[in-house]
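Okay, structure first, notes after.
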Amino acid sequence: QVRLVESGGGLVQAGESLRLSCVASGDTFGSIAMGWFRQTPGKEREFVAAIDDWNGPNTYYADSVKGRFTISRDISKRTAYLQIHSLKPEDTAVYYCAAKLYGTGYFPDTWSHYDYWGQGTRVTVSS
């Protein structure tokens, strides 16, 4: 079992930066892929970024965030991060952390392939 807790969201102005954190409990942090998704009301959960170690490390990004978002993780702290630069109003959303246990294949950008989810952290970007 893996429990995920996100933090770091808040109200920021366009152009500013944020770093979201996701702390994972359990003994399998080194054996899981981590992903970040975001969701706004009335829309489907949208892939943002993912990181795994299959023949890697590997990082994956949605085209809409490449160059502004950076995913990383610190296994010793059981924490995954999402660094966001040059925030835009359209980045406003609830950001969710997700974990995928190694053992079966997955598509990093497919939310249904992840096994565990955090409760989300809200990011609001004002113009």
Side-chain angles (χ1 to χ4, degrees):
Q1 191 77 9
V2 177
R3 182 170 179 260
L4 305 173
V5 179
E6 303 99 329
S7 63
L11 173 62
V12 296
Q13 292 192 338
E16 293 184 340
S17 298
L18 271 180
R19 188 176 77 161
L20 307 182
S21 300
C22 174
V23 180
S25 63
D27 297 328
T28 60
F29 188 71
S31 302
I32 56 177
M34 300 294 294
W36 285 95
F37 290 74
R38 63 188 181 185
Q39 190 168 24
T40 54
K43 294 189 177 180
E44 285 194 0
R45 199 159 291 192
E46 175 191 19
F47 170 71
V48 173
I51 186 168
D52 65 46
D53 290 315
W54 281 312
N55 298 317
N58 307 298
T59 56
Y60 313 89
Y61 296 95
D63 288 342
S64 60
V65 306
K66 281 180 181 176
R68 295 192 300 121
F69 288 33
T70 302
I71 188 171
S72 62
R73 66 176 174 180
D74 185 333
I75 292 178
S76 67
K77 296 181 179 179
R78 300 179 179 275
T79 303
Y81 303 98
L82 185 68
Q83 179 70 52
I84 310 173
H85 295 294
S86 302
L87 277 155
K88 304 176 181 181
E90 51 264 43
D91 294 321
T92 295
V94 177
Y95 284 72
Y96 295 93
C97 174
K100 165 76 177 86
L101 295 173
Y102 290 165
T104 59
Y106 83 125
F107 290 111
D109 61 350
T110 303
W111 67 266
S112 61
H113 288 189
Y114 288 80
D115 302 302
Y116 301 98
W117 290 86
Q119 83 290 347
T121 185
R122 184 175 300 276
V123 174
T124 303
V125 184
S126 63
S127 57

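Since the model is a prediction, treat every value here as computed from it, not as a measurement.
- Between Y106 and Y114, the ring-plane angle classifies as perpendicular under the 30° and 60° cut-offs.
- Between L20 and I84 there is a side-chain heavy-atom pair separated by less than 4.5 Å.
- A80 approaches R73 most closely through the heavy-atom pair CA-CB, 3.9 Å.
- We find the CD-CG distance between Q1 and D115 to be 10.0 Å, quoted to the nearest 0.5 Å.
- The backbone N or O of S126 lies less than 3.5 Å from no partner atom in the side chain of Q13, so there is not a single donor-acceptor pair.
- Looking only at side-chain heavy atoms (C-beta outward), L82 and R38 stay at 4.5 Å or farther from each other.
- Judged purely by atom type and a 3.5 angstrom limit, R78 uses its side chain to pair as donor or acceptor with the backbone of G26.
- With hydrogens and angles left out, the side-chain atoms of Y60 and D52 include a donor and acceptor closer than 3.5 Å.
- Here the shortest heavy-atom pairing between F37 and D109 reads CE2-O, 3.9 Å.
- Taking every heavy atom of both residues into account, Q119 and L4 meet most closely at OE1-O, 3.7 Å.
- Between E6 and Y95 the shortest side-chain heavy-atom distance does not fall below 4.5 Å.
- Between T79 and V23, the shortest heavy-atom contact is OG1-CG2, 3.7 Å.
- Summarising the geometry of V48 relative to V65, their closest heavy-atom pair is O-CG2, 3.5 Å, with the distance given to 0.1 Å.
- E16 contributes atom CD, which lies 8.0 Å from atom CG of L87 (distance to the nearest 0.5 angstrom).
- Taking 4.5 Å as the limit, every side-chain heavy atom of T40 sits out of range of all side-chain heavy atoms of E46.
- Nearest heavy atom pair, residue Y61 against residue A49, reads CD2-CB, 3.6 Å.
- Salt-bridge formation is detected for the pair R68/D91: a Lys NZ or Arg NE/NH1/NH2 atom is positioned less than 4.0 Å from an Asp or Glu carboxylate oxygen.
- Residues C97 and W117 are not in side-chain contact: their nearest non-hydrogen atoms beyond the backbone lie 4.5 Å or more apart.
- Connection of I32 to Y81 is not established within any shared hydrophobic cluster, with ILVMFWY side chains joined at heavy-atom distances below 4.5 Å, either directly or through further cluster members.
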